[in-house]
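Numbers here simply count residues along the sequence, with the first being 1.
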Amino acid sequence: MPASLILFGVAVALFAGTAIAYLIGASAILTFVAVDKAQFIAVLPQRLFSQLDSFAFLAMPLFIFAGDLMNRGGVAAALIDFCMSLFGRLKGGLGHVNIATSVFFAGVSGSATADAAALGNSLVPEMERRGYTREYAAAITGASSIIGPIIPPSSIMIFYGALMGTNVTALFAAGILPGLLLAAVLMGMNAYFAHRDDHPGGKAMDLPALWPSFCRAVPAMLLPVIILGGTLFGIMTPAEAAAVAVLAALLIGIGYGQLKWRDIAESLVRTGVMLGGVFILLCAISTFSYIAALLQWPQAIQAVVERWGLGPLGYLMLINVIFLGAGMAMDVKAAVALFAPIFVPAALLMGIDPVHLGIVICFNITAGLLSPPLGAVLLILSTVVGMDYWRLIRATLPFFFVEVLILIVLTFVPEISLALPRALGLR
């Protein structure tokens with residue numbers, strides 16, 4: 001009876017719009033009382049601090065700050081001009097520019113929503129002006145923005161790695177090939193739609209000159225090289241690389257003449273607000289994970305999986321369904337924090353590689369940003385480009401289904417994720 005009341009209360013609070021952190025924390029505390037484990041609440045403060053006392057968490061605020069500085073510092077415009085000079089002459093060239101810019105932008109911001117907002121403001125109107133439909137321009141922008149959290153540095157990988165004790169540097173290395181695979185597939189789709197729908201190519205006189213645009217984009221393109229090279233070859237930890245990224249973002253923004261003191265102050269405030277929400281959520285999840293461990297939920301899940309005869313691959317597909325559904329309706333970090341502590345330990349007990357599992361979950365939950373009913377990328381793009389939400393959903397569905405197919409490939413072919421970590425001695 002107490003469990004039923006708790007579940008009913010959670011459902012009511014969820015539909016009433018209660019913040020997920022408060023909902024998880026309150027339900028966890030009520031569960032302690034309901035299952036007669038209230039005496040363990042006394043050690044919760046110590047557990048909360050030990051959970052947050054992770055060096056990897058230091059990288060997250062710095063990367064968020066660096067990405068926001070880059071967005072304000074004119075980096076997107078420099079990257080777009082360079083990609084225009086490379087791909088703009090091709091048929092459907094602006095679609096290729098959109099995808100290529102997302103690849104470069106991923107190494108700067110590591111965020112799908114930041115990518116969607118930046119390119120939605122700049123590239124979608126330009127594509128529409130040159131003869132693309134608004135639906136297609138917004139759809140290709142949303143689909144390519146998913147590259148952002150896959151190619152490192154990625155805030156969701158840092159969050160997952162710190163939460164589940166997985167090597168963040170190995171996750172960074174493992175995300176490179178899946179991110180490039182996604183970019184290549186999207187470019188193939190764009191080429192197909194360009195020929196099917198007769199999308200325009202750019203005229204040489206309309207495009208930026210290659211050398212000047214390259215020189216202007218070099219500082220922005222060097223940043224991910226420095227970050228990845230430093231972390232993957234052991235020169236810097238992810239936290240040190242994040243600090244270097246902040247310094248570089250400041251210098252690049254000032255060098256482009258776009259970054260003002262007011263922008264820096266606003267970026268600091270925005271980073272602080274985001275972090276406050278993240279760490280409140282982490283405290284709630286730590287409480288939830290504690291009661292889950294006391295009640296041996298991971299072992300119970302493993303026993304159910306074995307009874308069903310799923311095996312490692314079958315369990316990975318079950319995880320895909322759960323996390324993809326969570327990504328459709330929840331914030332990315334909230335979904336990872338809520339479901340990873342429940343389902344990941346059972347996967348590790350079954351012998352699934354933790355880095356491969358991390359990439360599958362991060363790709364999965366990120367793809368959910370492009371899916372209804374509450375995909376964050378869809379909501380941002382519909383607002384930024386002034387487009388009906390359901391029309392945008394229809395336009396993005398082909399790209400979403402292809403991204404799900406790529407997720408299935410990554411699930412069944414772990415070598416795509418693990419080749420680089422193994423080559424670099426991280427596995």
Side-chain angles (χ1 to χ4, degrees), residues 50-57 59-60 110 149-179 228 231-232 234 237-239 282 285-286 288-289 292-293 296-303 305-306 310-324 326-327 332-333 335-367 406-427:
S50 65
Q51 181 83 39
L52 298 177
D53 188 19
S54 171
F55 195 61
F57 278 132
M60 189 166 56
I150 307 303
I151 294 180
S154 165
S155 61
I156 189 61
M157 288 184 189
I158 295 170
F159 184 82
Y160 175 87
L163 185 68
M164 301 311 303
T166 306
N167 186 323
V168 174
T169 303
L171 287 172
F172 278 7
I176 295 173
L177 289 182
L228 290 181
T231 54
L232 298 183
T237 66
L282 281 171
I285 289 300
S286 180
F288 180 80
S289 301
Q296 297 186 322
W297 287 353
Q299 290 84 350
I301 291 171
Q302 185 193 12
V305 169
E306 289 176 352
L310 290 178
L313 282 177
Y315 186 60
L316 275 176
M317 292 304 294
L318 176 63
I319 285 178
N320 281 341
V321 172
I322 291 168
F323 276 90
L324 196 60
V332 168
K333 290 186 176 66
V336 169
L338 178 59
F339 291 106
I342 298 174
F343 293 100
V344 168
L348 300 181
L349 289 172
M350 298 174 71
I352 297 172
D353 187 281
V355 173
H356 174 227
L357 178 63
I359 292 300
V360 168
I361 288 176
C362 290
F363 192 103
N364 193 328
I365 206 76
T366 304
I406 294 174
L407 171 64
I408 294 171
V409 171
L410 292 177
T411 301
F412 282 88
V413 189
E415 283 304 316
I416 298 174
S417 303
L418 297 178
L420 268 181
R422 285 173 178 164
L424 295 169
L426 298 171
R427 299 305 303 148

**Study point:** Main-chain N/O of Glu415 paired with His356 side-chain donor or acceptor, under 3.5 Å
**Key:** no

Rounding to 0.5 Å, atoms CG (Leu171) and CE (Met164) come to a distance of 11.5 Å

*asked:* Is there a side-chain contact between Ile176 and Pro152 in this structure, where contact means two heavy atoms from C-beta onward sitting under 4.5 Å apart?
replied: yes

Shortest non-hydrogen pair, Pro345 vs Ala340, comes out as CD-O, 3.5 Å

Between Asp353 and Val355, the two heavy atoms sitting closest are OD1-N, 2.8 Å

Rounding to 0.5 Å, atoms CG (Leu410) and SG (Cys362) come to a distance of 11.5 Å

- Query: With under 30° as parallel and over 60° as perpendicular, where do the rings of Tyr315 and Phe343 fit, or are they tilted in between?
  - Reply: tilted

When rounded to the nearest 0.5 Å, the distance separating CG of Asn320 from CD1 of Ile408 is 7.5 Å

Backbone N or O of Leu407 within a donor-acceptor pair of the Thr411 side chain at under 3.5 Å? yes

*Can you check whether Leu420 reaches Leu232 side chain to side chain, under 4.5 Å on heavy atoms?*
no

Rounding to 0.5 Å, atoms CD1 (Ile365) and CG (Leu324) come to a distance of 8.0 Å

For Ser154 and Pro149 the tightest heavy-atom approach is OG-O, 2.6 Å

Subject >> Chi angles and distances behind the side-chain contact (heavy atoms from CB on, under 4.5 Å) call for Thr237, Val168 >> reply: CA-CA 9 Å; Thr237 66; Val168 174; over 6 Å; no

Q. Is there a donor-acceptor contact under 3.5 Å from the side chain of Thr166 to the main chain of Gly161?
A. no

Rounding to 0.5 Å, atoms CG (Leu424) and OG1 (Thr169) come to a distance of 10.0 Å

Output for pair (Phe339 CZ, Ile319 CD1), nearest 0.5 Å, gives 12.0 Å

Scanning both residues in full, the closest heavy-atom pair of Ile359 with Ala174 reads CG1-CB, 3.5 Å

Correct closest heavy-atom pair for Ile352 and Pro312 would be CD1-O, 3.7 Å

Non-hydrogen side-chain atoms of Ile158 and Phe172 separated by less than 4.5 Å: yes

Taking every heavy atom of Ile150 against every heavy atom of Phe363, the minimum-distance pair comes out as CD1-CA, 3.6 Å

